[in-house]
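Comments concern the structure below.
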Amino acid sequence: MQENTLAIIKPDAFRKNHLGAILARYEKEGFRIRAGRIRWLSLREAEGFYKVHRERPFFGSLTQFMASGPVMVLVLHKENAILEHRTLMGSTDPGNADPNTLRKLYGASIEENAVHGSDSPESARFEIPYFFPESEIY
Ligand code: GDP
């Protein structure tokens, strides 16, 4: 099934100048970039985005990290985009991620792990409109 997924190039990867390399990888792997914008999230926006994690012990640290600098938010399109992007990202902890995944290549720690990707169709249905109105997805 052709579908959209939300990706975020997180503040750590943005700071380290990995934006272009990650975008090039998306194109190389056959994702179409249907929307993209550089944003600096407020703490409130980061908290709203990650609200499913609000009871987790790392919620405060995660949301501060996500609001610590610019990010790039993207809508990626491909056959099975959600799962394909999760595979390309690799495990949450870069130390456990498969070789050549984005988190292995660009992540530094379980928190500063370079990229976000929707983990299910339900998440994508919440996350995509969180950043993009339908009219801005091309
Ligand atoms: P993901 O779907 O692979 O991004 O992982 P989760 O949904 O479980 O967690 C969301 C994000 O929270 C991760 O991408 C990390 O940035 C961060 N995170 C996850 N687990 C931990 C943890 O144990 N400690 C810290 N500090 N951050 C974490």
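Start at 1 and go down the list; that is how both ligands and their atoms are numbered. Computation of the quantities below employed the complete heavy-atom set of this structure, encompassing side-chain atoms and omitting hydrogens, waters and symmetry-equivalent molecules.
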the protein heavy atom lying closest to atom 3 (O) of ligand 1 turns out to be Thr92 OG1, 2.6 Å
Next on the checklist: Quick check: do Glu136 and Phe131 have side-chain heavy atoms less than 4.5 Å from each other?
Outcome noted: no
the protein heavy atom lying closest to atom 7 (O) of ligand 1 turns out to be His53 NE2, 2.9 Å
Leu62 heavy atoms within 4.0 Å reach ligand 1 at atoms 11 (C), 12 (O), 16 (O), 17 (C)
When distances are taken from atom 4 (O) of ligand 1, the protein heavy atom at minimum range is Arg103 NH2, 3.0 Å
Margin query: Take a 6.0 Å sphere around CD of Glu134 and say whether it holds more than 12 heavy atoms from other residues, nucleotides or ligands.
Written below: no
Looking only at protein heavy atoms, what sits closest to atom 15 (C) of ligand 1 is Ile110 O, 3.1 Å
N/O of Arg86 under 3.5 Å from N/O of ligand 1, yes or no?
yes
among protein heavy atoms, the one nearest atom 8 (O) of ligand 1 is Arg56 NH2, 3.8 Å
If you count heavy atoms of other groups shown closer than 6.0 angstrom to CD of Gln2, is the number above 12?
yes
In terms of its nearest heavy atom to atom 26 (N) of ligand 1, the top option of Glu112, Glu111, Met89, Lys10 is Glu111
Test: Glu29 and Lys78 ion pair at under 4.0 Å: no
Among non-hydrogen protein atoms, atom 13 (C) of ligand 1 lies closest to Asn113 ND2, 3.6 Å
- Does some side-chain heavy atom of Val52 sit less than 4.5 Å from a side-chain heavy atom of Phe126? no
side-chain contact (heavy atoms from CB on, under 4.5 Å) between Asp93 and Asn113, intermediate numbers included
CA-CA 7 Å; Asp93 183 348; Asn113 58 5; over 6 Å; no
closest protein heavy atom to atom 22 (C) of ligand 1 is Phe58 CD2, 3.4 Å
Q) Taking the side chain as C-beta and beyond, is there a heavy-atom pair between Leu74 and Ile8 under 4.5 Å? A) no
